[in-house]
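Data first, discussion second: the structure below is written as structure tokens.
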Amino acid sequence: MSKPGGPALQAQDILKILVLVSGNGTNLQALIDAEKAGRFGRGRISLVISDREDAYALTRARNAGIRSLAETPGPKLPGPERREALSGRILAQARAEGAGLIILAGFLSILQGDILEAYRNRIINIHPSLLPKYGGKGMYGERVHKAVLAAGEKESGCTVHLVDEGTDTGPILLQRRVPVLEGDDSESLAVRIHNEEHQAIVEAAVMMIERLTH
Ligand code: GRF
């Protein structure tokens, strides 16, 4: 992959990381723990934004002393307009914060518009399947695992990829695989994959921090 654009960091500079969340935030927690454990070098999670006010992920951020806020523009707006408004607000927050990396950690909204260009090669997403299989619009949550089981797949897993204009289509950074076991239902498969996600998102974050600070 080509090196991301943007100004080179000075030796003492910190790479500020913006994490986007929608739910429980166990992936966010894995990132917080990794930073605490000293794995992030000059990377610092400096802001967490949720597209839902009641996301427990916001509590996790607060507990870790990380600034956090909810951006929930016009919940009644039609999909494309809501996406546009949300993406614009997130871009404004990212710029104001001076964020150099954006991590989508269980973020259910789709980003579109200027943020994709402004943060080209600096936005990563985690998806609970082995992309390009079982990705795209409507493929989230238990729907992914149900589709995997219905197709009789022998393995599944998770993927961390760079975000581009498509849904789950950007260049893949890494994948972790799990077996699909006899008797699995979407819940048991989801739990197995979720555990791998926590490692995958940290590995990918470390990889991106390296790329962006060296
Ligand atoms: C994960 O399975 C992620 O892949 C998906 O949403 C889930 C988020 O989990 N997009 P959490 O909020 O990080 O616990």
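Atoms within a ligand are numbered from 1 in the order they appear, just like the ligands themselves.
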_Hydrophobic cluster identity match, Tyr140 and Leu86, side-chain contacts under 4.5 Å_ = no

*List every atom of ligand 1 that sits less than 4.0 Å from any heavy atom of Gly106, numbering the atoms from 1 in the order shown and giving each element.*
6 (O), 8 (C), 10 (N)

*asked:* Give me the nearest non-hydrogen protein atom to atom 9 (O) of ligand 1 as residue plus atom name, then the distance to 0.1 Å.
replied: His194 NE2, 3.1 Å

*Honestly curious: do Ile123 and Val206 fall in one hydrophobic cluster under the side-chain, below-4.5 Å linking rule?*
no

*What about Phe107: any of its N or O atoms under 3.5 Å from an N or O on ligand 1?*
no

*Of the non-hydrogen atoms in Ala205 and Leu31, which two are nearest, and what is the gap between them?*
CB-CD2, 3.8 Å

*Could you list which atoms of ligand 1 come closer than 4.0 Å to a heavy atom of Pro128?*
4 (O)

*Apply the test salt bridge (charged side-chain N to carboxylate O under 4.0 Å, His left out) to residues Glu165 and Arg120: give CA-CA distance (whole Å), side-chain angles for both, the deciding distance (0.1 Å), then the verdict.*
CA-CA 10 Å; Glu165 278 72 9; Arg120 173 93 45 210; 2.9 Å; yes

*Does the side chain of Phe107 come within less than 4.5 Å of Val19's, by heavy atoms?*
no

*Of His127, His145, Glu153, Arg143, which is the lone residue that meets side-chain hydrogen bond (donor to acceptor under 3.5 Å, both in side chains) with Tyr134?*
Glu153

*Heavy-atom nearest neighbour in the protein, as seen from atom 14 (O) of ligand 1, with distance rounded to 0.1 Å*: Thr26 OG1, 2.5 Å

*Heavy-atom nearest neighbour in the protein, as seen from atom 4 (O) of ligand 1, with distance rounded to 0.1 Å*: Glu197 OE1, 2.8 Å

*Say whether His127, considering both its backbone and side-chain N or O atoms, lies within less than 3.5 Å of an N or O atom on ligand 1.*
no

_So for Gly25, does at least one of its heavy atoms come nearer than 4.0 angstrom to any atom of ligand 1?_
yes

